[in-house]
Amino acid sequence: MLALMQRTRVHTVHMMVDEASGLRAIIAIHAGRALPAIGGCRYLAYPDDDAALNDAIALAETMSYKAALAGLPFNGGKAVILRGPHVQDRGRLFEALGRFIDSLQGRYIAAVDSGTTPMDMDCVAHATCHVTSTTQAGDPSANTALGVFEGIRSTAMARLGSDNLEGLRVAIQGLGQVGYSLGEHLHAAGAELLVSDTDPARVQLAVERLNARPIVSDSLPTTPCDIFAPCAYGGILDPKTVAQLRCAAVAGSANAQLTGLDAADQLESRGILYAPDYVINAGGLIQVALQYQGIGTQGIAEHLGGIGRRLTDIFAHAQATHHSPARIAQAMAERMILA
Ligand code: NAD
């Protein structure tokens with residue numbers, strides 16, 4: 001574990017077990033910049049404790065990159081709550097998490113993530129003020145989707161020579177909070193949607209309301225389209241899938257899409273432009289970080305516009321140096337963190 005911490009530059013990992021509530025949680029904080037760390041709280045079942053620890057550490061590093069490239073004065077952090085087979089009292093569990101976060105005295109600020117909701121953050125807020133995305137503040141998914149939409153326009157401009165999305169075929173994998181909302185923006189902009197979700201009701205909704213064409217889940221990544229937008233889960237861009245993609249670009253919200261930088265190089269050599277996930281999906285983080293600083297809707301909307309500009313900059317550097325945008329983004333983030 002210490003080797004992984006050294007490699008990712010995560011300098012602290014805090015752990016808490018609370019018998020009364022059943023809480024078993026980990027908070028990882030990146031060494032990044034001398035600033036409070038911000039990042040989501042995951043509430044998931046893990047095969048074992050090591051898997052949870054690895055997830056928290058890897059994600060804390062990614063959050064640092066995301067914050068740096070989004071121009072946010074925050075460091076990266078991540079909380080992971082290990083979901084057991086039985087939850088007796090969810091409210092009590094998240095209040096215990098709030099006490100854990102409070103004991104860190106503002107070094108980590110919590111937000112929603114996979115498996116948690118704004119209602120859970122309300123319970124965290126009973127015990128600490130170092131929390132965002134409560135029901136009052138609102139779910140950040142809509143701004144994540146808006147940022148991805150703007151990022152798709154920049155990607156289309158860089159790869160296809162125009163940011164007019166009319167008639168563009170976009171394949172969305174996963175019609176959850178972000179994917180469906182992204183579909184609404186794309187539909188309004190005149191794009192043709194190809195969609196998949198393991199939940200048939202989500203697909204039906206997109207077919208009826210967004211005039212989307214349903215595609216069998218496993219076939220979506222290899223369906224011919226202009227832009228493939230992974231909005232379901234990470235690890236989708238492995239060497240085998242990348243070899244079979246039939247799109248001009250990949251631009252979607254899912255975290256940790258690449259199984260490694262070799263997959264990014266493979267995309268590059270196939271002429272498929274890749275919008276780095278932690279750049280294009282920063283909209284939700286921008287919302288929660290700015291709300292925590294007391295900045296209102298107007299300021300958040302202005303800051304969201306930076307996602308498209310940052311991507312354009314990364315694509316230009318990538319083109320000039322013949323490197324993958326993923327490598328350029330990582331190098332830029334590391335420079336910003338060390339500056
Ligand atoms: P969500 O859970 O609301 O949606 C995920 C959707 O994907 C669900 O509808 C699910 O049924 C579907 N799905 C699961 N497996 C699938 C498969 N094999 N094929 C097709 N569909 C499948 O999650 P979300 O909040 O919309 O987030 C989507 C992705 O974006 C996640 O990877 C998340 O980590 C990332 N992300 C989300 C935010 C945010 O603000 N919500 C911010 C940054 C990154």
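Note that this is a predicted model, so its numbers are computed, not measured. In each ligand, atom 1 is the first atom listed, and ligand 1 is the first ligand listed.
Every atom of ligand 1 with a heavy atom of Thr198 under 4.0 Å away is listed here by number and element: 11 (O), 13 (N), 14 (C), 15 (N), 16 (C), 17 (C), 18 (N), 20 (C), 21 (N), 22 (C). Listed by number with element, the atoms of ligand 1 under 4.0 Å from a non-hydrogen atom of Ala254 are 29 (C), 30 (O), 32 (O), 35 (C). Close approach of ligand 1 to Ser141 is summarised as follows: ligand atoms under 4.0 Å from at least one heavy atom of the residue are 39 (C), 40 (O), 41 (N).
The protein non-hydrogen atom at the shortest distance from atom 23 (O) of ligand 1 is Gln177 N, 4.6 Å. Of the protein's heavy atoms, Cys231 O, 3.2 Å lies nearest to atom 28 (C) of ligand 1. Considering only non-hydrogen protein atoms, atom 33 (C) of ligand 1 sits nearest to Asn255 ND2, 4.1 Å.
With hydrogens and angles ignored, the 3.5 Å screen pairs no side-chain donor or acceptor of Ser64 with any backbone N or O of Glu61. Formation of a donor-acceptor pair under 3.5 Å by the Arg202 side chain with backbone atoms of Asp197 is not found in this model. The closest donor-acceptor contact from the side chain of His126 to the backbone of Arg92 lies at 3.5 Å or more, if one exists at all.
Checking only distances, Ser253 does come within under 3.5 Å of ligand 1, N or O to N or O. In terms of N/O distances under 3.5 Å, ligand 1 is approached by Val178. The N/O atoms of Asp113, backbone and side chain alike, include none that comes under 3.5 Å of an N/O atom in ligand 1. Inclusion of Asn281 in the set of residues having an N or O under 3.5 Å from an N or O of ligand 1 is not warranted.
In this structure, atom 30 (O) of ligand 1 is in close contact with the protein, since a protein heavy atom lies within 4.0 Å of it. In this structure, atom 2 (O) of ligand 1 has no protein heavy-atom contact shorter than 4.0 Å.
Among Leu23, Thr116, Val131, the one residue that satisfies the side-chain contact (heavy atoms from CB on, under 4.5 Å) test with Phe94 is Thr116.
Residue contacts with ligand 1 for Ser217 involve side-chain atoms from C-beta outward but no N, CA, C or O (heavy atoms, distance under 4.0 Å).
Comparing Asp199, Leu220, Asp197, Val203 by heavy-atom distance to atom 11 (O) of ligand 1, the nearest is Asp197. Of the listed residues (Ser181, Gly176, Pro200, Ala201), the one carrying the non-hydrogen atom nearest atom 4 (O) of ligand 1 is Gly176. Of the listed residues (Pro140, Gly174, Pro221, Ala111), the one carrying the non-hydrogen atom nearest atom 7 (O) of ligand 1 is Gly174.
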